[in-house]
2 protein chains.
Amino acid sequence: MCEPWNRVYVSPANFLPYGTKQVCKCYNAFMKSKTRKELSRPTGRPLSFDPDKALDRALDVFWRKGYEGASLSDLTKAMRINRPSLYAAFGDKENLFHKVLDHYAEGPASHSRAALQEPTSRAVVERLLYGTADMLSSDGNPRGCLWVQGALACGSSADSVRKELISRRLGGEAALRQRLKRAITEGDLPPDANPASLARYIAIIIQGMSVQAASGATRSQLRGIIDIALESWPSRRNT
Amino acid sequence: MCEPWNRVYVSPANFLPYGTKQVCKCYNAFMKSKTRKELSRPTGRPLSFDPDKALDRALDVFWRKGYEGASLSDLTKAMRINRPSLYAAFGDKENLFHKVLDHYAEGPASHSRAALQEPTSRAVVERLLYGTADMLSSDGNPRGCLWVQGALACGSSADSVRKELISRRLGGEAALRQRLKRAITEGDLPPDANPASLARYIAIIIQGMSVQAASGATRSQLRGIIDIALESWPSRRNT
DNA sequence: GCACATCTGTACTGGCAGGTACGGAAGTCA
DNA sequence: TGACTTCCGTACCTGCCAGTACAGATGTGC
């Protein structure tokens with residue numbers, strides 16, 4: 001237990017006086033019973049890189065090249081750390097990819113979860129779609145969506161990663177479906193609306209836009225699509 | 001010139017008395033000046049496999065695993081030929097992939113071109129979408145679209161393949177755009193319709209369905225999406 | 001200062017990737 | 001029959017892949 005690759009990184013701003021620190025995954029229980037002071041810096045040589053920045057850079061590589069296309073040499077070069085540091089800090093390639101997926105969900109793709117908080121279903125899907133279009137066409141971001149192009153079709157060695165991405169995509173769709181169900185009970189969508197089909201429709205638009213972005217579609221082109229797609233949405237456009 | 005990997009295969013049913021035969025790419029010019037008889041079987045040991053069937057099997061592997069995920073060992077095993085036979089018959093991996101793409105366009109994806117022949121724009125997009133949904137959910141086919149998942153994001157060594165797929169996707173979209181332009185002049189679509197946006201919209205639906213299929217969507221689920229998607233189509237439903 | 005803990009960089013491993021050399025087999029043609 | 005052409009199968013090549021051993025560096029606590 002507490003294998004090094006299961007460590008959770010805590011950035012200095014949280015509670016540590018300097019540098020970054022590694023804490024075991026039992027960190028939560030640890031926090032309950034220990035005071036801040038006892039969590040102060042451990043002995044040993046300190047980490048010479050910022051794990052968050054390293055994850056940022058790893059995200060860029062995986063996003064651009066996909067799971068299989070990103071070699072460890074690509075990754076270590078971009079992350080500016082050596083191979084053993086990567087393994088000590090993040091575990092193997094697959095483990096790093098999982099951490100990168102979380103990093104992506106909390107960063108570039110954070111608009112997805114935020115969109116569900118909008119008051120009406122119309123506002124939810126508009127924020128979801130336009131937010132995605134912006135993310136897909138944002139300067140500095142690789143073109144496309146990591147959930148789609150991380151591992152859509154791949155060799156058998158990457159199969160678990162492929163399945164993980166499928167479940168993340170379906171999970172996002174399920175969250176939207178729940179939100180649309182709520183909209184029906186709230187009278188925000190007509191009672192005969194089909195939340196499952198509507199959620200799937202939005203998912204398809206998002207995933208299709210992702211492929212289009214990978215083909216070079218611009219922001220205004222993506223927004224033009226959304227305008228068409230929302231014409232069939234069963235509720236009025238927000239002023 | 002006439003490198004072995006540039007050969008074009010002619011299936012026996014075309015004009016040869018038996019077996020399959022390799023003909024140089026200068027085949028067209030050759031046909032103009034030579035008679036059928038002069039194209040009869042050459043000397044040498046005959047091919048021990050059917051190149052068409054081998055391409056079928058290679059298609060299955062690339063379709064399922066993508067360009068990078070399909071190793072030469074996967075391919076030769078599925079094609080039931082040895083490595084040197086593959087290289088002699090199809091060139092290197094990239095060349096084989098190009099031939100597989102053609103094979104795909106003429107086979108499983110042939111409905112795309114056929115759909116453009118429909119008399120009205122509505123019929124065109126309906127056949128395009130429902131045909132694609134059927135293809136994506138057909139038993140025996142890998143789930144998804146080769147043009148999308150062949151190489152959406154990949155390492156630099158596969159970059160030319162990625163670009164080739166982009167141009168094939170954009171080519172399909174351009175063909176649809178032309179067809180929709182024609183529909184406007186024919187009064188089949190309103191004069192203020194935007195063929196570029198509409199074609200891009202349909203492309204997004206198709207590509208989104210492809211990702212959904214890769215996530216396990218069923219035929220009826222895909223068809224349900226199309227019903228929603230076509231509600232915003234600017235012309236009446238057929239019949 | 002010294003024991004201890006942790007991280008870093010170099011250099012390495014076994015295995016598989018794509019690709020090929022070459023001798024022998026299986027045909028045609030005269 | 002034998003020269004010639006083409007294909008097949010074994011066995012191999014180089015290079016990169018993910019992953020690791022190990023010695024030295026850099027910190028803490030006493």
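Below, chain A is the first sequence line, B the second, and so on; all start at residue 1.
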* To do: Go through residues 151-162 of chain A and report each residue with a non-hydrogen atom lying under 4.0 Å from DNA chain D, sorted by number.
  =>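 Going residue by residue through residues 151-162 of chain A, none turns out to have a heavy atom under 4.0 Å of DNA chain D.
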* Could you check which residues of residues 65-76 of chain A get a heavy atom under 4.0 Å from DNA chain D? Sort them by number, please. =>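 Hits under 4.0 Å, by residue number: A:A70, A:S71, A:L72, A:S73.
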With sequence neighbours left out, write down each residue that passes side chain to side chain donor-acceptor pair (under 3.5 Å) with [X], or none if nothing qualifies.
{"X": "B:K163", "answer": "B:D159"}
{"X": "A:K53", "answer": "none"}
{"X": "A:N82", "answer": "none"}
{"X": "A:R127", "answer": "A:E118"}

The criterion is side chain to side chain contact (heavy atoms under 4.5 Å, CB included); which residues satisfy it with [X], sequence neighbours excluded?
{"X": "A:R219", "answer": "A:D134, A:S137, A:S138, A:R223"}
{"X": "A:P142", "answer": "A:D60, A:W63, A:R64"}
{"X": "B:E164", "answer": "B:H98, B:L101, B:R168"}

Might you list the N or O atoms of the protein lying below 3.5 Å from N or O atoms in nucleotides 8-10 of chain C, with each pair's distance?
from  : atom 1 : to    : atom 2 : distance (Å)
C:dT8 : OP1    : A:S48 : N      : 2.8
C:dT8 : OP1    : A:S48 : OG     : 2.4
C:dT8 : OP2    : A:S85 : OG     : 3.0
C:dT8 : O4'    : A:R45 : NH1    : 3.3
C:dG9 : OP2    : A:N82 : ND2    : 2.5
C:dG9 : O5'    : A:N82 : ND2    : 2.9

* Asked: Of the residues in residues 54-64 of chain B, which ones touch DNA chain C at a heavy-atom distance under 4.0 Å?
  ->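 Heavy-atom cutoff 4.0 Å gives no residues at all.
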* Any chance you could lay out the side chain to side chain contact (heavy atoms under 4.5 Å, CB included) test for B:R83 and B:L72, step after step, and finish with the verdict? => CA-CA 8 Å; B:R83 209 169 275 235; B:L72 276 183; 4.0 Å; yes
* To do: Mind checking ring-ring contact (aromatic ring centres under 6.0 Å, His included) for A:F97 and listing every partner two or more places apart, or none if nothing turns up?
  => A:F62, A:Y67
* Provide, to the nearest angstrom, the distance between the CG atom belonging to A:D92 and the P atom belonging to D:dG19. => 5 Å
* Asked: Side-chain donor-acceptor pair under 3.5 Å between B:Q149 and B:S210, yes or no?
  ->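 Not at all, the side chains of B:Q149 and B:S210 share no donor-acceptor pair under 3.5 Å.
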